[in-house]
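Here is the structure we will look at, set down as structure tokens.
All heavy atoms count here, side chains included; hydrogens, waters and symmetry mates do not. Heads up: numbering here begins at 1 and tracks the sequence.
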Amino acid sequence: MSRQTGRNKLLGAVVVATTAVGSLQTAVPALAQQERSARSGAITFDIPAQSLTAALTAFARQSGLRLAYSASLTQGKSAPAVSGSIPPAEALSQLLSGSGLSYSLNGGTVTITERVSGAHAVGAADGETMLAPIVAGGGIINPVDAPYETAAPTAYISEENIDRFRGSSPADIFRGTPGVLSGEARNGAGAVDVNIRGMQGMGRVAVTVDGASNSATVYQGYQGISNRTFVDPDFLGGVDITKGSDVASSGIAGTVAMRTLDAGDIVKEGRTFGLRVKGGFGTNTSTPPPAGTTAGYAWPGGTWAPPVATAKSDGMDRPSFFDPTSGSGSIVGAMQEENVDLVAGYAYRRQGNYHAGSNGPSAVPVSMGPRPFCYESGVCLPPARGWKDYIENIGIANYRAGEEVLNTQLQTKSYLAKGTVRFEDGHSLQFGYNGFRSEAGDLLASRLTSDRGQAIQQGQTAGTKVDAGTLRYSWKPDDNDLIDLKANLWATRLELRNPRRSGVLYPQPGDFGLPADFRTGSDTFMWGADVANTSALTTDYGPLDLTYGLSFLSEDTRPSKFTPELETWLDLRDGTRQEAAAFAKAAWKATDWLTINGGLRYQHYWTEDRNAPEQVRPGYTYDTALSDGGFSPSVGVTLEPFDGTQFYVNYSNALRSPSIFEGVSAFTMNVNSNLRPERSSNWEVGTNLRRDGVFSADDQAMMKLGFFDWNVDNYISREWYTDPRGISGMRIHNIAGAHFQGIELSGRYERGGFTAELAANYYTDVEFCRTATTCGNKSLYADYATNQVPPEYTVALTLSQTFLDDALTVGGRISRTGSRAIGHGDVTAQGASQFISLINWKPYTLVDAFAEYRINESLTASFRIENLTDAYYVDPLSLVQQPGPGRTFYASLKAEF
């Protein structure tokens with residue numbers, strides 16, 4: 001599909017949306033008058049007895065008032081029926097009677113809390129959306145529903161869904177979010193590598209944990225890189241996702257803001273102290289075998305080898321379905337008083353190598369008869385030197401059905417500490433600490449890239465150590481709408497240690513007095529600061545919200561001690577990078593149904609290479625510096641012709657500065673002094689619909705449908721090059737562009753205790769352009785994006801139902817992943833092989849099931865079965881050709897005091 005075709009589709013979508021809105025404009029004045037009347041005097045209410053959450057939703061719709069509250073406050077509570085012509089305050093008092101909750105009214109916004117101190121929670125910084133409720137005109141937006149009330153492509157992953165679908169890796173929490181995946185799910189050392197709409201890595205997606213970054217780029221040989229962020233799902237309170245650029249964030253493809261648990265998540269209503277203890281076990285894993293153990297089949301290597309694929313004798317002793325072979329546990333304590341909150345926690349998990357599923361395209365050798373021997377370049381040897389009996393693997397990986405998948409073991413320890421102090425006049429200060437330690441079977445990806453390669457169990461694991469601290473300040477006085485100030489200061493220390501990867505035996509470790517198992521790696525220190533303020537202005541032409549701020553980021557990475565000497569030619573990056581930015585954005589509500597927003601960001605970066613490798617490569621440039629910057633504007637229009645209906649069109653022109661990985665030299669990577677920042681032109685056209693009483697008086701439905709069209713000019717890629725002197729190598733460079741276009745759909749339906757959620761996305765075009773006239777629906781042979789191309793489509797349906805007065809919840813999810821959206825491009829200039837091998841996966845379907853039973857107020861038991869059908873599959877966005885985990889049973893018990 002050409003870019004012009006994509007633009008024509010986008011134009012058609014805009015015309016359809018505009019025509020639909022125009023036909024509804026005659027109803028807008030009447031609706032606006034109805035909303036103004038709702039804010040004063042008596043109103044006719046008709047709210048049946050139901051859950052408090054549903055009742056408050058109906059109240060907001062019928063009164064026209066805006067409500068803000070935490071979803072946890074109303075969970076499990078019911079409300080009496082309210083009917084008749086009465087003032088809104090009286091109706092709300094009746095609904096909240098007996099709930100232990102109170103409310104306060106400020107203008108047209110009603111805030112529901114347990115205690116007054118809740119009004120002064122620490123807010124977000126650096127574009128992060130906090131998980132306290134978001135307030136918007138004409139209704140309630142709690143975290144779960146927020147995407148359906150936000151005129152932008154956003155998504156939210158709740159703590160509840162994290163617990164229900166956490167999988168064997170933190171990467172699994174993103175499954176079921178349209179347009180969002182995580183790469184390297186099975187070989188990522190317990191990390192996430194977020195891909196949004198086909199773009200990932202190099203800072204394209206800004207990922208934070210409590211406002212701090214801990215992202216690292218990990219070398220994976222010729223197979224590319226992994227971009228990793230480390231977090232323990234046991235500590236997550238929720239994840240907010242923005243797809244696309246925002247002038248308040250550096251993420252050109254989007255922002256993922258992870259929030260760890262707060263005191264309000266632990267301390268029960270009416271109490272000062274709280275404690276949450278969780279413990280559980282999983283199945284389908286085995287203790288890793290001795291180093292050097294191989295898996296799958298040994299394939300014949302030529303005409304001189306016996307035409308037989310030899311199976312390994314071990315790896316097939318899969319544990320029984322209910323046999324506990326992995327475990328996890330966590331403890332979190334909290335204190336919440338009127339002006340002070342404290343949280344502290346520890347989490348531990350351990351699992352062995354998992355086993356693949358038994359149903360699907362597993363490794364199966366098949367005799368194909370005589371076949372010529374040909375290189376990937378197309379050159380074939382004479383028939384006499386060909387295969388007399390070629391044995392082909394008709395599976396997609398060299399693992400048999402149910403076989404142990406090597407180097408997938410994981411052990412993590414995580415630490416959490418947070419404290420919040422609230423002062424008079426809306427001031428608050430929060431400090432936080434996140435610690436993460438892991439030992440993982442992290443395989444160098446270039447060692448397993450085909451369906452005939454044999455995995456080898458490594459003798460050493462890869463180690464990760466993360467220490468991140470945050471200091472966050474908020475000031476929001478009750479009587480001053482011009483001040484809503486948030487400031488954030490953070491610092492992260494990240495240490496990565498790997499088994500030696502160069503394969504060079506000299507110098508020997510003993511020459512430095514080091515143990516034989518000494519691991520090499522990198523040390524990274526990064527810190528950042530940001531400040532932003534929002535001013536709410538009242539003008540004669542409508543309300544105007546202004547948000548403006550500054551940010552600064554500093555990164556310093558270098559090889560760990562003795563790494564240059566031990567790895568010799570495999571030198572790692574050694575350099576620094578800084579980026580400073582300023583932004584401003586405005587939202588003008590011109591009428592009750594029309595909002596116009598716009599923004600402008602300026603950013604500038606500096607990168608310095610201080611690499612002094614042990615072995616200098618001819619033609620390479622060292623000790624260089626790069627610097628550049630520019631503006632990023634955005635504009636958007638939101639139309640709200642009816643209550644519960646939004647149409648929006650947003651455009652942004654965003655700049656991404658090269659990352660430290662792209663601007664500093666390393667093994668096979670020369671610095672390109674002509675490198676320019678990426679610039680993405682993004683269009684978003686979408687609609688949000690929300691309705692109550694669709695099929696019955698107590699149900700509600702919501703839908704989010706969007707079309708996106710991203711054109712990235714000067715897309716930063718990697719190429720094989722030969723300079724005029726005949727010296728060849730790899731370097732980062734700009735291609736003309738890349739194009740990502742598609743459709744996304746999210747939907748949610750609730751009735752009583754039944755909930756159904758649908759998430760789907762479909763890519764209409766993915767394209768890379770070496771030059772402006774050489775575009776194609778294929779990735780480039782040496783570019784990291786080869787294995788970042790998403791599936792053409794994904795669909796996920798989640799269903800749940802409560803029983804026994806909401807004490808029991810039973811549900812499940814079925815998800816379908818399609819084939820790769822586009823193919824792969826050329827082989828290298830030498831014509832012998834691909835620098836980055838394409839990891840092949842076939843379309844697959846996964847079924848997960850769960851059950852949760854609240855035994856009493858303090859104890860909850862949970863059970864889940866992941867991959868219920870025991871499917872054999874390979875994850876998309878992987879760098880290794882290995883299957884995901886087969887059918888796995890998990891059980892856990894949560895105690896809350």
Would you say that [X] contacts [Y] through its side chain, given a criterion of any heavy-atom pair below 4.5 Å between the two side chains?
{"X": "Leu570", "Y": "Tyr219", "answer": "yes"}
{"X": "Thr412", "Y": "Tyr348", "answer": "no"}
{"X": "Tyr399", "Y": "Tyr872", "answer": "yes"}
{"X": "His355", "Y": "Pro885", "answer": "no"}
{"X": "Thr229", "Y": "Asp193", "answer": "no"}
{"X": "Glu404", "Y": "Pro289", "answer": "yes"}
{"X": "Ile241", "Y": "Ile157", "answer": "yes"}
{"X": "Leu572", "Y": "Thr563", "answer": "yes"}

Keeping the roles fixed (side chain from [X], backbone from [Y]), state whether a donor-acceptor pair exists under 3.5 Å.
{"X": "Asn734", "Y": "Asn714", "value": "yes"}
{"X": "Gln409", "Y": "Thr287", "value": "no"}
{"X": "Ser438", "Y": "Ala440", "value": "no"}
{"X": "Asn195", "Y": "Gln788", "value": "yes"}
{"X": "Ser560", "Y": "Arg558", "value": "no"}
{"X": "Arg493", "Y": "Val466", "value": "no"}
{"X": "Glu662", "Y": "Ser659", "value": "yes"}
{"X": "Gln458", "Y": "Asp442", "value": "yes"}
{"X": "Asp240", "Y": "Val256", "value": "no"}
{"X": "Gln457", "Y": "Asn407", "value": "yes"}

With [X], which residues qualify under salt bridge (charged side-chain N to carboxylate O under 4.0 Å, His left out), at least two apart?
{"X": "Glu184", "value": "none"}
{"X": "Asp609", "value": "none"}
{"X": "Arg497", "value": "Asp523"}

Which heavy-atom pair separates [X] from [Y] by the least distance, and what is that distance?
{"X": "Ile836", "Y": "His824", "value": "O-NE2, 3.4 Å"}
{"X": "Ser665", "Y": "Val671", "value": "N-CG2, 3.3 Å"}
{"X": "Leu489", "Y": "Ala529", "value": "CD1-CB, 4.0 Å"}
{"X": "Tyr763", "Y": "Pro791", "value": "CD1-O, 3.2 Å"}
{"X": "Thr260", "Y": "Asn434", "value": "CG2-OD1, 3.6 Å"}
{"X": "Ser522", "Y": "Thr557", "value": "CB-OG1, 4.4 Å"}

Let me confirm one number: the [atom1]-[atom2] distance from [X] to [Y], rounded to the nearest 0.5 Å.
{"X": "Thr177", "Y": "Ile173", "atom1": "OG1", "atom2": "CD1", "answer": "8.0 Å"}
{"X": "Ser326", "Y": "Tyr354", "atom1": "OG", "atom2": "OH", "answer": "13.5 Å"}
{"X": "Asp628", "Y": "Ser657", "atom1": "CG", "atom2": "OG", "answer": "7.0 Å"}
{"X": "Ile225", "Y": "Gln200", "atom1": "CD1", "atom2": "CD", "answer": "8.5 Å"}
{"X": "Lys842", "Y": "Ser819", "atom1": "NZ", "atom2": "OG", "answer": "11.0 Å"}
{"X": "Met202", "Y": "Asn227", "atom1": "CE", "atom2": "CG", "answer": "6.0 Å"}

Single hit among Tyr781, Tyr715, Tyr784 for ring pair (Phe, Tyr, Trp, His ring centres under 6.0 Å) with Phe768: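 When ring pair (Phe, Tyr, Trp, His ring centres under 6.0 Å) is applied between Phe768 and each of Tyr781, Tyr715, Tyr784, only Tyr715 qualifies.
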Between [Y] and [X], is the closest basic N to carboxylate O distance under 4.0 Å?
{"X": "Arg610", "Y": "Glu608", "result": "no"}
{"X": "Asp172", "Y": "Arg166", "result": "no"}
{"X": "Glu678", "Y": "Arg204", "result": "yes"}
{"X": "Asp467", "Y": "Arg437", "result": "yes"}

For a side chain to side chain contact (heavy atoms under 4.5 Å, CB included) check, start with the C-alpha distance between Ser554 and Met526, then their side-chain angles and the critical distance, and finish with the verdict. CA-CA 5 Å; Ser554 176; Met526 59 187 80; over 6 Å; no
Please test Arg259 against Asp210 for side chain to side chain contact (heavy atoms under 4.5 Å, CB included), starting from the C-alpha separation and ending with a verdict. CA-CA 5 Å; Arg259 177 187 69 91; Asp210 285 343; 4.1 Å; yes
When you look at Asn398 and Asp451, which way does the side chain to side chain contact (heavy atoms under 4.5 Å, CB included) test go after all the steps? CA-CA 5 Å; Asn398 191 16; Asp451 59 4; 5.6 Å; no
If we count only N and O atoms by modelled type, under 3.5 Å, do the side chains of Thr285 and Gln351 hold a donor and an acceptor together?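 Note: Thr285 and Gln351 side chains miss the donor-acceptor criterion.
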For the residue pair Ser450 / Gln881, report whether a side-chain donor-acceptor contact shorter than 3.5 Å exists.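 Short answer, no.
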Charged tip of Arg175 within 45° of Phe165 ring normal and under 6.0 Å: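 Verdict for Phe165: no cation-pi partner in Arg175.
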Between Leu846 and Tyr873, does a side chain to side chain contact (heavy atoms under 4.5 Å, CB included) hold up when you go through it step by step? CA-CA 9 Å; Leu846 294 180; Tyr873 68 97; 3.7 Å; yes
Picking from Lys413, Lys465, Arg519, Arg349, what satisfies salt bridge (Lys or Arg N to Asp or Glu O under 4.0 Å) with Glu439?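 Only match with Glu439 under salt bridge (Lys or Arg N to Asp or Glu O under 4.0 Å): Arg519.
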Would Asp783 and Ser717 count as a side chain to side chain donor-acceptor pair (under 3.5 Å) if you check the C-alpha gap in whole Å, the side-chain angles of each, and the deciding distance to 0.1 Å? CA-CA 5 Å; Asp783 187 24; Ser717 175; 3.1 Å; yes
Start with the C-alpha gap between Glu866 and Thr888, add the side-chain angles, then the distance that decides, and say whether side chain to side chain donor-acceptor pair (under 3.5 Å) holds. CA-CA 5 Å; Glu866 297 188 347; Thr888 308; 6.0 Å; no
For Thr449 and Gln223: C-alpha separation, side-chain torsions, deciding distance, then whether side chain to side chain donor-acceptor pair (under 3.5 Å) applies. CA-CA 8 Å; Thr449 60; Gln223 190 62 359; 5.0 Å; no
